[in-house]
Every structure is written in structure tokens, then in C-alpha cells.
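Residue numbers start from 1 in every chain, and the chains themselves are labelled A, B, ... in the order their sequence lines are given, proteins ahead of strands.
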Amino acid sequence: MKQTKSYLSKTVEQLKPSGIRRFFDLASSMEGVVSLGVGEPDFVTPWTVREAAILSLEEGFTSYTANAGLLELRQGISSYLENSFQAVYAPESEIVVTVGASQAIDLALRAILDPGDEVLVIEPCFVSYSPLVTLAGGTPIPVQTKKENDFKIDPADLEKEISKRTKAILLCSPNNPTGTMLNKQELEQVGRLAEKHDLLVISDEIYAELVYDETYTSMAAIPGMRERTILISGFSKGFAMTGWRLGYVCAPEDIAASILKIHQYAMMCAPTMAQHAALEALKTGTLDVIDMRKSYRRRRNYLINSFNELGLDCHNPGGAFYAFPSIQSTGLSSEEFAEKLLLEEKVAVVPGSVFGESGEGFIRCSYASSLEQLQEAVKRIKHFLDNNR
Amino acid sequence: MLLTDKEIEIVEILERDSRISNEDLAAMAGLEIEETNAAIKKLEDLKVIVRYSSIVDWSKIDGHEGVTAMIDVKVTPKRGVGFDEVAKRIYRFKEVKSVYLMSGAYDLSVIIEGRSMNEVARFVSQKLSTLDSVLSTTTHFILKKYKHDGTIFEQGEEDKRIVVSP
Ligand SMILES: Cc1ncc(COP(=O)(O)O)c(C=O)c1O
């Protein structure tokens with residue numbers, strides 16, 4: 001037999017490992033770490049939702065559901081999206097319930113990409129985007145955003161990267177890791193480019209519930225854009241349901257049908273218990289979302305204010321639960337900063353560079369942590385800066 | 001009275017943690033420190049913020065566990081002053097922690113704290129039920145406090161998240 005390694009797919013071999021993994025291993029091996037490195041809510045799923053899932057088990061809902069998910073859930077998602085964000089999708093033919101937004105992104109890309117097709121990936125961004133494009137046979141083309149624009153997309157920078165092979169633009173608002181939210185005008189600018197060059201837009205709206213200053217606009221609500229948008233969302237962030245693995249993808253009928261085709265072969269359906277939980281989340285969990293949003297907003301205000309006072313220049317992020325301060329004043333790279341900070345002060349953050357080239361010089365700090373933890377982290381970071389500047 | 005959104009924000013934050021520094025409170029509410037100080041003063045003057053207190057789990061302190069009783073009281077309201085007069089006669093006793101006027105099967109809900117069951121029983125039989133307007137009392141002793149004023153006493157839910165994630 002050949003060496004086991006030689007059997008592996010070249011594509012997979014060439015994917016670079018996520019930079020987050022290294023920090024996870026390092027931080028996990030230490031005691032007394034204050035972590036601002038967590039990309040999920042600090043809230044436990046609302047009890048009404050957990051209780052509904054328990055009830056569904058008691059009643060014996062343990063079999064497969066329809067491939068696209070429980071119709072009742074798709075109907076719930078449809079009215080929720082329409083009432084909250086004026087995004088209109090038919091429950092019978094345009095919504096597929098998935099295993100997290102993660103699977104939704106994977107399905108969307110696999111449904112539209114042929115080898116050689118390019119996807120413009122707006123960076124800094126969620127670590128999965130480019131690898132998933134590659135795994136779907138496409139080529140990710142990073143488009144950078146800049147601090148001086150609060151990490152909003154500069155249409156000129158975007159247009160420069162459009163080629164004959166470009167099929168879609170993949171963006172996320174509010175964004176992980178920058179927290180930046182695109183408003184209606186900014187989405188329209190992207191939309192106009194998509195129309196001009198006849199591209200699709202994959203819009204990751206997983207943080208749509210968590211916006212703090214302006215009202216949220218969905219790409220699918222921009223006039224003319226519904227037909228070329230694949231909307232990705234889910235219950236992980238807004239409803240504090242990361243471990244349930246439940247998301248959804250909405251798209252015009254032809255695309256949704258293609259997505260469903262892959263889903264039915266590769267996954268059958270999303271977990272039934274989680275679907276019952278999600279149904280309840282849409283019924284009663286929205287009240288909890290209001291409280292959680294308030295709590296995040298207060299902690300955001302505290303943390304952004306603290307970073308700016310410490311001289312770590314930080315824009316005010318409109319949504320999600322991440323602060324993305326600049327650490328350039330220390331002269332350290334973001335990787336060096338994060339590693340030193342962890343070793344010297346036991347504060348875990350994620351270096352901006354893992355989210356793309358334009359993330360270099362920044363660190364991602366999650367404020368999904370109690371105020372006491374944030375205060376302790378700020379104290380330790382201050383101490384760190386006093387020693388390293 | 002009508003309060004501004006920012007004042008309500010301050011009240012909500014303080015209700016959860018009254019020991020937060022004014023600086024942190026200002027940052028969380030997105031206000032200047034002077035505005036925050038002024039708003040707190042106003043809220044105190046208006047008695048919207050009545051008092052700053054702590055939630056104490058006395059059951060943890062040996063010799064100070066004490067007993068709490070909730071007493072349903074039926075009374076005859078007085079012409080002109082309704083229930084207020086008898087409520088006042090009751091709430092003036094220092095043993096009485098809370099008095100609420102209730103809808104439903106009885107009129108006043110009275111919460112009493114004492115050092116022992118005997119002490120509470122004595123108070124009910126000698127002070128409360130002997131009041132002119134009190135028709136009847138039903139006393140319920142609290143056996144265990146699970147959750148009080150929105151706070152769960154047995155803090156079971158530690159952070160179960162992995163330390164770093166995408
Ligand atoms: C931008 C973004 N998209 C998608 C996901 C994945 O979410 P899910 O838990 O629904 O798979 C995350 C989670 O970190 C994220 O930050």
C-alpha cells in the first residue's frame with residue numbers, strides 16, 4: 001500500500017488550516033484565560049425554546065422531516081423574513097432548512113459553481129468562505145475592505161476584481177469579524193454592480209437580528225436584487241442556538257431547487273429536534289432576542305469605548321458581537337500581538353489576519369461575555385500595552 | 001412621569017448591577033459622564049430609583065438563615081380610604097418586608113421575615129390578625145428560595161463554550 005497521505009485529495013491537502021485552530025489549542029491548554037475569542041453568544045438558548053425541543057422528543061418526533069425541512073418551519077421562516085426584513089420567499093419552493101448557516105453557504109456555492117468560476121469574497125470575513133469556494137470547485141477572489149471606510153465595501157475596489165469568470169459576490173453584513181453593517185445605500189451600490197455585470201450575490205445575514213444603531217436592511221429587500229440573491233441565515237447567533245446546528249437558505253426557485261437536490265443526497269434533512277426548537281424560537285424566542293440585543297449593545301459600547309481610551313483605535317461596529325480594534329500602534333503583527341497577549345496576560349483574542357489580508361493589524365474581540373469578564377480583559381490588555389509600547 | 005430612552009437605559013442597567021461605576025455606566029449607555037451623573041441624580045430625586053440594595057442568600061450564613069412567610073390577608077376596606085389605611089397599619093411593622101394589594105381571592109399579600117417560625121407565628125397571631133379590619137390570614141412559609149428578583153440562587157450554568165471559535 002502507498003503512504004496513506006498519498007491517497008488524500010490534492011484540493012483538501014492544499015487548503016490551509018484555519019489560523020483559529022492554533023489559538024484554540026494554545027488557549028485550551030492554559031488555566032485562568034479570559035476569552036474574547038469566542039464566536040458565539042454567551043447566552044444559553046431561551047428556555048421556551050429548549051422546553052419545546054424536549055417536548056418534541058417526549059412526543060416522539062424523532063424521524064426524518066421533508067428534505068427542505070418541516071413545512072410549518074419554512075412557513076414560519078417565510079413570515080419572519082417578510083415581517084422583519086421585507087424579504088419575501090415562498091415556503092414551498094424557495095426556502096431550504098439546513099444544518100447551520102455553514103451548510104447553507106456550502107450548498108449555495110456547490111449549487112452555482114463550476115470549475116474555474118470565480119467568487120468575490122469580501123474580506124476580512126468568516127474563515128469558511130474561501131475554503132468552501134475552493135471545495136465547491138470555484139476560485140475565491142478576495143476583495144479587501146479598509147479601516148478608513150469602517151470596513152465597508154468600496155464599489156471601485158469590488159469592480160476592479162470582476163472578470164468574465166466571476167459568478168457571485170459573497171458578503172456578510174453585519175460582518176464577522178469587523179461588526180460592520182452595510183446600510184441600504186451601501187447594499188444598493190453592490191446591487192448595481194451585480195446587475196451591471198450580471199452576478200449573483202450570496203448574502204450571509206446570520207447576524208441580522210444583532211444590530212444596534214440603524215435598522216437592518218436585507219440584500220433581498222433591495223429593489224431588483226431578490227432575483228439574484230441567495231440569502232443565508234439561521235438561528236445560531238440571534239437566537240443563541242449555535243449547538244442546535246440550524247440554518248436556512250432562501251433563493252429564487254431554480255436555485256433553491258438545485259440546492260435542495262444536493263441537500264437531499266448529502267444530508268437528507270436538518271435535525272428534527274432542532275427544527276422543532278426553531279419553530280418555537282420564531283414564535284416566542286423573538287422576545288428574548290430583544291433582551292439579548294440590548295445586552296450586547298451595552299457591552300459593545302463599553303468595550304469600544306475602552307479600546308479607544310487605551311489607544312487601540314476602533315470603529316463603532318453596527319452589529320454582530322465583535323470589536324475589531326487596530327493594534328498597529330504596538331508595532332506587532334496581529335498574530336504576534338494575540339500570542340503575546342495570551343501568554344503574558346492570559347487574554348484570548350483572534351488575530352485579524354486569519355480573516356484575510358486586510359485583517360492584518362487588527363484583532364477580533366468578542367463582547368459576548370459578561371461585563372465582569374470584559375472589565376477584567378480590559379484591565380489585562382491595559383497592563384499588556386503598558387509593558388509593550 | 002415620562003423618562004427619556006437614555007434615562008430608562010440607566011435605570012435598567014442599575015437595576016441589574018447597582019454597584020457599576022458611573023464611568024462604566026456612562027460608557028454602556030453611550031452617554032457623557034456629566035449627563036450620566038445628572039440623570040442618576042434626577043432619578044434619585046424623583047424616587048424612581050428608591051434605594052440601592054443587594055440580593056443576599058442568607059440561607060448560606062449559619063445562624064442567620066431566618067424564615068420568610070407569605071401571608072394572604074383578607075381585610076374589610078374602610079370607607080373613603082379603601083385598603084390604604086389598613087395597608088399602612090401593616091407595613092409600619094419592621095418585621096414586614098413587603099405589602100402588596102392583590103386581585104383575586106384575598107386582598108393583601110404580606111411578606112414577613114423573622115428569625116424563627118415561632119417569631120413569625122407570634123407576629124401573625126398577636127399583631128396582624130388582631131388588627132380591626134383583618135378578617136383572616138393564611139400563612140405560607142417559604143421552604144427554599146430558588147430564584148429571587150430574577151436571580152437564580154444556585155448558579156448552575158457555567159460557561160460551556162469552547163475558548164476560541166470562528
Ligand atoms: C458570518 C458567519 N456565517 C456563518 C456562520 C456559521 O453559523 P452556523 O452556526 O449557523 O453554521 C458563522 C459562525 O461563526 C458566522 O460568523
Side-chain angles (χ1 to χ4, degrees), chain A residues 18-30 33-44 102 125-128 176-177 212-213 242-243 291 294-295 297-306 308-309 316 338 342 348-350 354-355 364 366 368-375 378, chain B residues 2-40 43 48-49 52-57 145-166:
Chain A
S18 163
I20 286 200
R21 185 76 223 172
R22 207 168 70 79
F23 279 86
F24 172 75
D25 291 339
L26 200 56
S28 306
S29 68
M30 295 167 61
V33 172
V34 174
S35 182
L36 305 185
V38 188
E40 58 179 320
D42 58 326
F43 297 101
V44 175
S102 301
C125 68
F126 185 45
V127 295
S128 303
N176 173 9
Y212 310 116
D213 303 319
T242 44
D291 285 344
K294 262 191 196 173
S295 167
R297 185 198 286 115
R298 290 169 189 159
R299 292 180 277 165
R300 174 199 67 165
N301 291 349
Y302 169 77
L303 194 62
I304 303 300
N305 187 62
S306 303
N308 282 317
E309 276 181 357
N316 186 36
L342 182 56
V349 300
V350 181
V354 312
F355 304 101
R364 190 194 75 177
S366 162
S369 263
S370 67
L371 181 66
E372 294 71 37
Q373 291 277 300
L374 296 179
Q375 286 169 329
V378 167
Chain B
L2 275 178
L3 296 181
T4 65
D5 287 347
K6 286 297 173 189
E7 285 160 352
I8 289 169
E9 181 78 354
I10 286 176
V11 174
E12 285 187 5
I13 296 173
L14 282 174
E15 190 181 27
R16 225 162 276 184
D17 177 8
S18 61
R19 298 194 69 205
I20 189 173
S21 72
N22 287 12
E23 286 73 20
D24 287 352
L25 174 57
M28 285 179 93
L31 290 170
E32 295 303 323
I33 182 71
E34 297 78 24
E35 283 178 276
T36 306
N37 293 340
I40 293 175
L43 292 164
V48 169
I49 295 176
Y52 298 96
S53 70
S54 310
I55 293 178
V56 178
D57 186 356
K145 287 184 186 168
Y146 292 101
K147 186 176 182 182
H148 183 79
D149 272 357
T151 303
I152 296 170
F153 277 16
E154 286 301 327
Q155 226 43 40
E157 293 196 351
E158 85 280 17
D159 196 341
K160 299 187 180 72
R161 300 175 298 167
I162 56 175
V163 276
V164 179
S165 55

Inset, instruction - Could you look at B/Ile20 and say if it's the side chain, the backbone, both or neither that has a heavy atom under 4.5 Å from chain A? - result: side chain
Rounded distance (nearest 0.5 Å) linking atom [atom1] of [X] with atom [atom2] of [Y]:
X: A/Asn301; Y: B/Asp24; atom1: CG; atom2: CG; value: 12.0 Å
X: B/Asp159; Y: A/Ser35; atom1: CG; atom2: OG; value: 8.5 Å
X: B/Arg161; Y: A/Ser366; atom1: CZ; atom2: OG; value: 6.5 Å
X: B/Lys160; Y: A/Asp42; atom1: NZ; atom2: CG; value: 12.5 Å

Inset, instruction - For the pair A/Asn176 (side chain) and B/Pro166 (backbone), establish whether a donor and an acceptor sit closer than 3.5 Å, ignoring hydrogens and angles. - result: yes
Legend entry - B/Ser165 (side chain) donor-acceptor with A/Val38 (main chain) under 3.5 angstrom: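 A pair under 3.5 Å: no.
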Legend entry - Nearest heavy atoms of A/Phe24 and B/Ile162, plus distance in Å: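 Shortest heavy-atom contact: CE1-CB, 3.7 Å.
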Legend entry - Salt-bridge present (A/Arg298, B/Glu9; N to O < 4.0 Å): yes
Where on [X] is there a heavy atom nearer than 4.5 Å to chain B: the side chain, the backbone, both, or neither?
X: A/Asn305; value: side chain
X: A/Ala27; value: both
X: A/Arg364; value: side chain
X: A/Pro41; value: backbone
X: A/Glu309; value: neither
X: A/Ile304; value: neither
X: A/Val33; value: neither

Inset, instruction - Determine whether more than 12 heavy atoms belonging to other residues, nucleotides or ligands lie under 6.0 Å from atom CD of B/Glu15. - result: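 No - once you tally the heavy atoms of other residues, nucleotides and ligands closer than 6.0 Å, there are 12 at most.
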Legend entry - B/Tyr146, OH: over 12 other non-hydrogen atoms inside 6.0 angstrom: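 No, OH of B/Tyr146 has 12 or fewer neighbouring heavy atoms, counting only those of other groups under 6.0 Å.
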Inset, instruction - Decide yes or no for A/Lys294 and B/Glu12: does some side-chain heavy atom of the first lie under 4.5 Å from some side-chain heavy atom of the second? - result: yes
